[in-house]
> 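This is the structure I have questions about; it appears just below.
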Protein chains: 2
Amino acid sequence: MALSEKKRALIEKIGVHFEFKGMQPLFGRILGLMLVHERAEVTFDEIVEELNVSKSAVSNALTFLQATGKVAYHTKPGDRKRYFHLPMKDFTSDMEKELMEIVKFEEVLEEVLVERGETNADFNCSLKEFLNFIKFIKMEIPVLIEKYKQQKGS
Amino acid sequence: MALSEKKRALIEKIGVHFEFKGMQPLFGRILGLMLVHERAEVTFDEIVEELNVSKSAVSNALTFLQATGKVAYHTKPGDRKRYFHLPMKDFTSDMEKELMEIVKFEEVLEEVLVERGETNADFNCSLKEFLNFIKFIKMEIPVLIEKYKQQKGS
DNA sequence: ATTTTGGTTCTGTAATTACAGAATTAAAAA
DNA sequence: TTTTTAATTCTGTAATTACAGAACCAAAAT
């Protein structure tokens, strides 16, 4: 299955996307390959061949991606290969985690506020406002996601 | 102004937080210093001394942090120094940008869907569902932030 | 006019990252 | 039993990152 030029370009684009999120380049490209691949699943060797990388790199990448829940695999009867794929079932909770990661800063800011003296009332006030805002977002994100699930179900 | 041990620890913690977001360690520690500092503003030299880093490192960091809008400075009459600080006014739009960054993936996924054939209806369907979800979140985030502003104003 | 202050820019480097390649292993096939 | 397949693990390395240090520069103070 030779990939089209367009698909190859997309894999690179997806790779860059995940690289921006702190992942190693190859890790993101593997996710990209799974996304654009017709079967939406790839074997170890297919990754090696399509992306032109070493087996060691693929092995490390798959170990990491599986450990972090980004990738899973299934097997087929009478076939020794593993078929790696994206676990698409629960993307909502994935997204929720990502969104909540941003508001994690709340905890640190709370500590900052405790540690700060009273000499700079203006700044302390801004900080408190910011904290209120973060807390608001933190509370509303799960509500938002629940709202989506409701709407979808109806 | 000698910083307390607790504040120093907090600076490191904040540094790690921003390092996780892809920033250089020092960049995050400078933001941390500004957060815990009583005056909530620091001079170039104060950064050098409190964080025990070179002037070049501080210069580079401040250039970057100002370019990306994370840091600003003001001056004082009869004082040549710049007083660097966090621009706390518009943290809501900062947060909005961060949240919207996550849903940027929508654009790439849309391209993926266009490029995929019809052979894997199941996967394509999951992809479409995921896209719907991302679009929903993308639409609702600005609404959420507006809601906060309303509530605060009243 | 020269020195000092506040900061920048350039050059080098230790440490880390992101792999490649070879050796290795474990299970299944021949 | 030997060989093949599917993957892992270990070792090395090119490239990049995150700084330090020194030289430099411009404006203000002396």
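Throughout, protein chains are lettered first and strands after them, A, B, ... in sequence-line order, and every chain is numbered starting at 1. All values below come from the heavy atoms of this structure, side chains included, with hydrogens, waters and symmetry mates left out. What you see is a predicted model, and the numbers here were worked out from it, not measured in a lab.
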> Decide yes or no for A:M34 and A:V42: does some side-chain heavy atom of the first lie under 4.5 Å from some side-chain heavy atom of the second?
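They are in contact (side-chain heavy atoms under 4.5 Å apart), so the answer is yes.
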> Does a side-chain N-to-carboxylate-O contact under 4.0 Å join A:E50 and A:R29?
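Salt bridge flag = no for A:R29 with A:E50.
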> Less than 6.0 angstrom separating the ring centers of B:H17 and A:F105, yes or no?
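Centroid distance B:H17-A:F105: below 6.0 Å, so yes.
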> Run the side-chain hydrogen bond (donor to acceptor under 3.5 Å, both in side chains) test on A:D90 and A:S93 for me, step by step, so that the C-alpha distance in whole Å, both residues' side-chain angles and the decisive distance to 0.1 Å come before the verdict.
CA-CA 6 Å; A:D90 209 24; A:S93 74; 2.7 Å; yes
> Can a cation-pi geometry be assigned to A:K81 and A:F44, taking NZ or CZ under 6.0 Å from the six-membered ring centre and within 45° of the ring axis?
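No, A:K81 does not sit over the ring of A:F44.
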> Are any of the side-chain nitrogens in B:K152 or A:E129 under 4.0 Å away from the carboxylate oxygens of its partner?
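A salt bridge is present here (some side-chain N lies under 4.0 Å from a carboxylate O).
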> Under a 4.0 Å N-O cut-off, is there an ion pair linking A:E101 with B:K21?
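Salt bridge absent between A:E101 and B:K21.
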> Would you call A:E110-A:K128 a salt bridge at under 4.0 Å N-O?
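Answer for the salt bridge query: no.
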> Got a list of protein N/O to nucleotides 7-9 of chain D N/O distances below 3.5 Å?
residue	atom	partner	partner atom	Å
D:dA7	OP1	A:R82	N	2.9
D:dA7	N7	A:K55	NZ	2.8
D:dA7	N6	A:K55	NZ	2.8
D:dT8	OP2	A:S59	OG	2.8
D:dT8	O5'	A:S59	OG	3.4

> Which nucleotide of DNA chain C is the first, and which the last, in the 5' to 3' direction, to come under 4.0 Å of a heavy atom belonging to chain A?
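For DNA chain C, the relevant span reads C:dA18 to C:dA28.
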> Between A:Q24 and A:G78, just flag the one whose closest nucleotide in DNA chain C comes earlier from the 5' side.
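Closer to the 5' end of DNA chain C: A:Q24.
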